[in-house]
Amino acid sequence: MSEDSSNLPSAARRLQKPFRVSDVLHILTEIFSPSSLESTRQ
Amino acid sequence: MVIDRTLQLQDHSLRRNNVEVEFQAVPGLPPIVGDANQLIQIFLNLISNAEQAIREARPSGRIQIRLGRSGNRVTATVQDDGVGIAPEVLPKLFDPFFTTKRPGGGTGLGLSICMSIVREHGGNIEASSLPAGGAAFTITLPAAEAEAGRRVPSKIDSGSGERAMPTLDAFSKHTVLVLDDEESIRMLLTEGLASYGLKVDCAATAEQALTLVLNSKYDVVLCDLKLSGSGPNSDGYGVAQRLKIAASAISPKSFTCLAT
């Protein structure tokens, strides 16, 4: 359901409607994971 | 909100045809996730059909709209006191191009489209003819609460296997801004994400989002790509870029954009 989009700001994620709250939570988990935060800092 | 908006759109026609509508919102019903415009299209079709069925039977009539809950699904029934549906017609009612209206009265696509939309939303529609006359159409849609309200370590059916729900700890102290012009989506995400410990702010317009971004730091912005209105503030891609620039002006580490 999620995919990258080159038209969006860098590091943006795409979640197409209709979505469930659980879909959002799973993407947020990925975004907030330590490895993701580390790559963002770099 | 969807039914209120539908009734506003159909108000003039209902008054002109002396059709009274009985509808009361039910407090405590869980929200559903869906495209508001498509859901309005469904109710417009059902109410318009009910109105025509009443006109065929009598000079005035009544439509009742009832909401309810069945397990983790929300139901909405549109009932009229019109001509009713002949038993032999019921099985074909949702077939494309099937109509009982006079030539020129309808394409026969309305209910077929309604069924398609409802199924895309994971629901169903059933029609019945009432013994005392009239007809009832019941829409069943999955409640969002079934997805949002669960707590770790439960599992959810994602449609492609099971995934463990995230823990509350994963989200504590994180902040999210939701930019979406649909109130139902803002409410759903506010309730759903806040229940997992996230701090959630909401904006209905690009201007509101810009003000919030300039005054608070967010980890993630959920940005609706198709905002209502016209001009640059309706282009979600452009708005996301502007929010990013605005946020980077107050903090070197900007938010992650989640485009919806």
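Protein chains get the first letters and strands the later ones, always in sequence-line order, with residue 1 at the start of each.
- The environment of Glu120(B) atom CD is dense: over 12 non-hydrogen atoms of other residues, nucleotides or ligands sit within 6.0 angstrom.
- Using a 4.5 Å cut-off between heavy atoms, Leu243(B) does not touch chain A at all.
- By the neighbour-count criterion of 12 heavy atoms within 6.0 Å, atom NZ of Lys217(B) is densely surrounded, having more than that number from other residues, nucleotides or ligands.
- No part of Ile245(B) comes within reach of chain A, as not one of its non-hydrogen atoms sits under 4.5 angstrom from that chain.
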* Asked: Does the side-chain contact (heavy atoms from CB on, under 4.5 Å) test come out yes or no for Asp180(B) and Lys17(A), once each step is laid out?
  -> CA-CA 12 Å; Asp180(B) 203 298; Lys17(A) 290 179 182 173; 2.8 Å; yes
* Apply side-chain contact (heavy atoms from CB on, under 4.5 Å) to the pair Phe255(B) and Ile31(A), showing each step before the final yes or no. => CA-CA 10 Å; Phe255(B) 59 80; Ile31(A) 291 171; over 6 Å; no
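- Side-chain atoms of Leu225(B) and Arg14(A), non-hydrogen and from C-beta on, do get closer than 4.5 Å to each other.
- Counting heavy atoms from C-beta outward, Leu198(B) and Phe32(A) have side chains that approach closer than 4.5 Å.
- A distance of 13.5 Å separates CZ of Arg13(A) from OG1 of Thr260(B), quoted to the nearest 0.5 Å.
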* Asked: Between Leu193(B) and Leu28(A), is a side-chain contact (heavy atoms from CB on, under 4.5 Å) present by the stated rule, with each step listed?
  -> CA-CA 10 Å; Leu193(B) 300 183; Leu28(A) 292 179; 4.2 Å; yes
